[in-house]
Amino acid sequence: MVGVSDGPGPGRAASVGRPVLSLALASLVEEVQAHSGAVYLLRPDEPVLEMAVTAGMPRAFAAPWERVGLSAPIPVADAVRHQRLVWVAGEEEMARRYPRISVVLPYPFALAALPLATERGVYGAVFVTWPGAHPPELSDRERESLSAACDRLALRLQRAAEENRPVGPEADVIAAPAPGIAGTLGSLEAVRMVSRLPYGLVSLDLHGRIGFANAAAAEMLGRPAAELLGSKPWVSVPWLNDPMYEDRYRAALISQQVMSFVALRPPGEWLSFRMYPSTTGLSVRISRARAVAELVRRAPETEAHPARLVTISQVLSLAGALTEAVGVQDVVQLVWDEVAPAVGSRALVVLGSQGGRLHVLGHRGYADAHVVERFNGLPLSERTPGTQALNSGVPAFFDSREHLERLYPGRHETPDGFAAWAYLPLIASGRPVGTCVLAYAEPHAFPADERAVLTSLGGLIAQALERALLYDAKTRLAHGLQQALLPSTLTPLPGIEAAARYLPATHGMEIGGDFYDLVPTRPLAAAVIGDVQGHNVTAAGLMGQIRTGVRAFTTVGQAPHEVMSSTNRLLIDLGSELFASCLYLRLDPERGRAVMARAGHPPPLLRRPDGRVRVLDLAGGPLLGIDAAAVCPTTEVSLAPGSVLVLYTDGLVESPGIDIEDALVDLGALLSEIGDQPLETLADEILRHSAAARERLDDVAVLLLRARDDD
């Protein structure tokens with residue numbers, strides 16, 4: 001049975017008129033026998049879902065997701081984006097699909113999320129949860145009930161919008177007490193019976209507040225019963241002031257499973273707490289845990305402040321999200337998606353420093369990007385909120401424009417249209433790496449607990465930003481080195497049309513040893529493709545030396561097998577422990593032939609002018625860099641005008657779970673079908689159709705050559 005609480009809670013105004021959302025949610029939760037749920041409304045002015053009412057659980061449990069962007073990876077946002085029911089069957093599936101929620105709520109429970117939408121528009125979303133004992137699949141009756149209830153509520157929201165009737169946050173729905181028997185003989189006898197028990201009994205409501213404690217519980221907790229009533233145990237009992245104990249209470253309520261823990265009452269007495277949950281609250285049994293008395297555990301600090309659930313939840317949620325950030329723009333986007341909706345910020349700027357000046361690393365929420373550029377190039381010696389936070393490492397909070405202008409008169413670096421700001425210094429490894437600026441559309445008070453949350457989040461953002469700055473710097477270095485080592489353009493060859501593509505692996509520094517080149521000689525020409533083992537600067541440097549050697553040996557007129565032998569000895573003389581594969585071609589388009597030498601490299605494909613494709617079975621030698629005396633035999637191939645040669649590295653065809661022969665068959669079929677297209681188009685299509693190229697577990701190089709009749 002559910003009932004509506006007396007008020008909407010601090011900071012939330014109930015909607016005018018009948019509580020549409022509260023009644024609909026209460027009815028839905030009871031109909032499908034769920035034990036908690038919430039209704040979100042989609043803001044009309046931004047892609048954000050706001051929690052309007054909750055049922056069955058304290059709102060603090062979902063604090064990190066009171067405001068969520070539609071792009072956030074959580075069930076209600078997915079339900080709206082994909083316009084369908086989202087079902088999460090339990091703890092393991094939640095950890096796999098929605099790890100950010102699992103980090104904050106690592107408990108066994110099932111969840112269903114549905115959109116509130118009609119043919120005319122989307123109005124919000126709903127989620128409901130069940131204990132972990134729920135079957136792994138929703139029943140047909142549950143699905144029908146959920147869909148029907150959400151359809152009805154969506155129609156009511158549609159009518160309210162058409163009639164210009166605001167529907168906003170309402171009073172949260174909480175469990176109603178069971179029918180009372182106060183004043184009867186039975187209730188008196190029950191109290192007497194409980195008071196005679198040798199162990200402690202405590203009743204907690206859904207918010208964790210003590211509603212009853214017997215004499216034994218008061219004695220074990222070391223507080224008079226009158227002081228315990230209405231308080232939370234981890235607040236009123238200093239030695240229970242440990243987030244772990246509050247976590248057990250959350251776990252019991254969400255999973256609806258019995259939870260227990262032991263705690264040390266100073267100076268040396270261990271107590272056992274066992275929690276029995278229901279949809280109306282928890283009953284807690286307290287007894288002496290003599291079996292663990294010998295365990296050594298440091299008692300919680302008595303002077304610590306009560307743990308704030310919202311603080312822990314928000315920090316954990318963002319910590320999980322920021323582990324996914326790779327580059328600086330990933331960090332900026334995650335802060336925009338995760339932090340800004342949660343704290344109500346409407347704009348964001350992330351600043352760094354370069355050459356003694358501020359530098360804009362990224363921003364979101366500004367309609368006019370030019371106003372953000374005012375930060376760019378600002379000397380760090382200037383006295384502004386941004387430079388002050390970066391130089392001092394002290395956060396600054398301005399609850400109004402008047403407040404900002406009073407402390408920084410004459411400064412107009414903050415764009416018009418915003419009315420409050422938080423400047424968070426980003427400190428990592430003991431040094432400032434940037435400043436995060438959160439802007440608010442309306443004047444915004446920053447109470448102490450919110451400042452603590454934002455400051456903690458700033459520390460997490462700083463760690464992610466430091467890693468991202470280093471990653472971006474390495475990536476720029478890698479790309480610059482790779483571009484310097486590979487030909488920027490392909491040298492035109494007489495009688496030969498050419499196109500090439502290179503894709504670095506998506507892991508590590510995105511740099512490798514794949515290479516290709518065209519070398520014009522008269523009257524012939526040469527082409528080469530190869531792959532040096534490894535994905536690092538050493539491999540890339542060795543690749544550059546091999547490419548230079550091949551050009552030199554070709555220019556002095558060596559035959560294909562001599563070029564391969566000379567390159568092999570060069571690689572061995574360099575003393576590198578890396579090996580390389582290589583395919584070298586001497587092209588003679590006037591006579592319509594090509595002479596090839598292969599050293600451990602994948603065989604090329606040849607498409608004839610009539611569309612037939614075959615894999616060239618070339619004789620070959622071992623990888624370069626193994627045997628100084630190795631010889632690479634040559635093979636002559638007919639190359640009629642219109643023929644296309646496809647040279648590639650193994651990153652194009654090698655992928656886990658895919659046989660190379662199957663990949664070559666697929667590539668051949670593609671060439672047969674579209675091989676007469678322009679080479680630039682053909683190169684793009686080859687990469688697009690390659691599963692290995694899409695996964696990019698290895699570098700990919702492709703060189704296409706088409707013989708043409710210049711007559």
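Just the heavy atoms: all of them, side chains too, but no hydrogens, waters or symmetry mates, feed the values below. Residue numbers count from 1 along this sequence. These numbers come from a predicted model, not from an experiment.
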Are the side chains of V48 and V68 in contact, using a 4.5 Å heavy-atom criterion?
no
Heavy-atom nearest pair, R586 first then P560, reads CB-CG, 3.7 Å
Taking the side chain as C-beta and beyond, is there a heavy-atom pair between L493 and V519 under 4.5 Å?
no
Using a 3.5 Å distance criterion without hydrogens, assess whether the side chain of T681 forms a donor-acceptor pair with backbone atoms of Q677.
no
What do you reckon, is CD of Q83 surrounded by more than 12 foreign heavy atoms closer than 6.0 Å?
yes
For A594, does its backbone N or O pair with a side-chain atom of D588 as donor and acceptor, under 3.5 Å?
no
Are a donor atom and an acceptor atom from the side chains of S102 and E91 found within less than 3.5 Å of each other?
no
Backbone N or O of P622 within a donor-acceptor pair of the D627 side chain at under 3.5 Å?
no
Heavy-atom nearest pair, L679 first then A499, reads CB-CB, 3.7 Å
Are the side chain of S690 and the backbone N or O of L687 linked by a donor-acceptor pair below 3.5 Å?
no
Say you draw a straight line from CD1 of I101 to CD1 of I74; how long is it, rounded to the nearest 0.5 Å?
5.5 Å
Smallest heavy-atom separation, I427 atom then G393 atom, equals CD1-CA, 4.1 Å
Could you check whether atom CD of E636 has more than 12 heavy atoms from other residues, nucleotides or ligands sitting under 6.0 Å from it?
yes
Heavy-atom closest pair (P603 atom, V615 atom, distance to 0.1 Å) is CG-CG1, 3.6 Å
Take atom CD of E92 as the centre, draw a 6.0 Å sphere, and report whether it contains more than 12 heavy atoms from other residues, nucleotides or ligands.
no
Working for side chain to side chain contact (heavy atoms under 4.5 Å, CB included), residues I674 and L682
CA-CA 7 Å; I674 64 171; L682 182 59; 3.8 Å; yes
Ignoring hydrogens and angles, tell me if any N or O in the side chain of R708 forms a donor-acceptor pair with the backbone of I496 under 3.5 Å.
yes
Gap between atom OG of S353 and atom CZ of R431 - 0.5 Å precision
8.0 Å
We want to know whether D514 and T649 form a side-chain donor-acceptor pair, criterion being a heavy-atom distance below 3.5 angstrom.
yes
Minimum heavy-atom distance A113-L111, with the two atoms named:
N-CD2, 4.1 Å
How about V702 and Y502: do any of their side-chain heavy atoms sit closer than 4.5 Å?
no
Any side-chain to backbone donor/acceptor pair from S643 onto L639? Under 3.5 Å, distance only.
no
Determine whether a donor-acceptor pair (N or O, by modelled atom type, separation under 3.5 Å) exists between the side chain of S566 and the backbone of F553.
no
Could you tell me whether R612 atom CZ has more than 12 heavy atoms of other residues or ligands within 6.0 Å of it?
no
Does the distance from a Lys or Arg side-chain N to an Asp or Glu carboxylate O, for E673 and R607, drop under 4.0 Å?
no
Could you tell me if the side chain of L647 sits less than 4.5 Å from the side chain of Y516, heavy atoms only?
no
Evaluate the side chain to side chain contact (heavy atoms under 4.5 Å, CB included) criterion for residues Q545 and L574: first the C-alpha distance (whole Å), next the side-chain angles of each, then the deciding distance (0.1 Å), finally the verdict.
CA-CA 9 Å; Q545 291 174 301; L574 289 173; 3.7 Å; yes
Tell me, yes or no, whether the heavy-atom count around D617 atom CG, taken from other residues, nucleotides or ligands under 6.0 Å, exceeds 12.
no
Check the pair R100 / E338 against side chain to side chain contact (heavy atoms under 4.5 Å, CB included), numbers first and verdict last.
CA-CA 10 Å; R100 300 180 194 176; E338 299 289 331; 2.3 Å; yes
Taken to the nearest 0.5 Å, the spacing of L390 CG from C436 SG works out to 12.5 Å
Could you check whether any side-chain heavy atom of M596 comes within less than 4.5 Å of a side-chain heavy atom of L616, counting everything from C-beta outward?
yes
Quick one: do R97 and V86 satisfy side chain to side chain contact (heavy atoms under 4.5 Å, CB included)? Show the steps, please.
CA-CA 11 Å; R97 295 174 56 189; V86 174; 3.6 Å; yes
Would you please say whether a donor-acceptor pair under 3.5 Å links the side chains of T554 and Y584?
yes
What distance separates L465 CG from D330 CG, expressed to the nearest 0.5 Å?
11.5 Å
Has R608 got a side-chain atom pairing as donor or acceptor with V613's backbone, closer than 3.5 angstrom?
no
Run the salt-bridge test on D78 and R84 with the 4.0 Å N-O cut-off and return the result as yes or no.
no
Distance in Å, L606 CG paired with S638 OG, rounded so as to fall on 0.5 Å steps
8.0 Å
Show the nearest heavy-atom pair for residues R598 and A619, with the distance to one decimal.
CB-O, 4.0 Å
Check whether any side-chain heavy atom of V563 lies under 4.5 Å from a side-chain heavy atom of V550, and answer yes or no.
yes
L703 side chain near Y648 side chain, heavy-atom distance below 4.5 Å
no
Quick check: does any side chain N or O of S672 sit under 3.5 Å from a backbone N or O of G611, one acting as donor and the other as acceptor?
yes
First locate atom CZ of R551, then atom OG1 of T491, and finally report the distance between them rounded to the nearest 0.5 Å.
5.5 Å
Any donor and acceptor pair, going by atom type alone, linking the side chain of R547 with main-chain N or O of L542 inside 3.5 Å?
no
When you compare the side chain of T435 with that of L426, does any pair of heavy atoms fall below 4.5 Å?
no
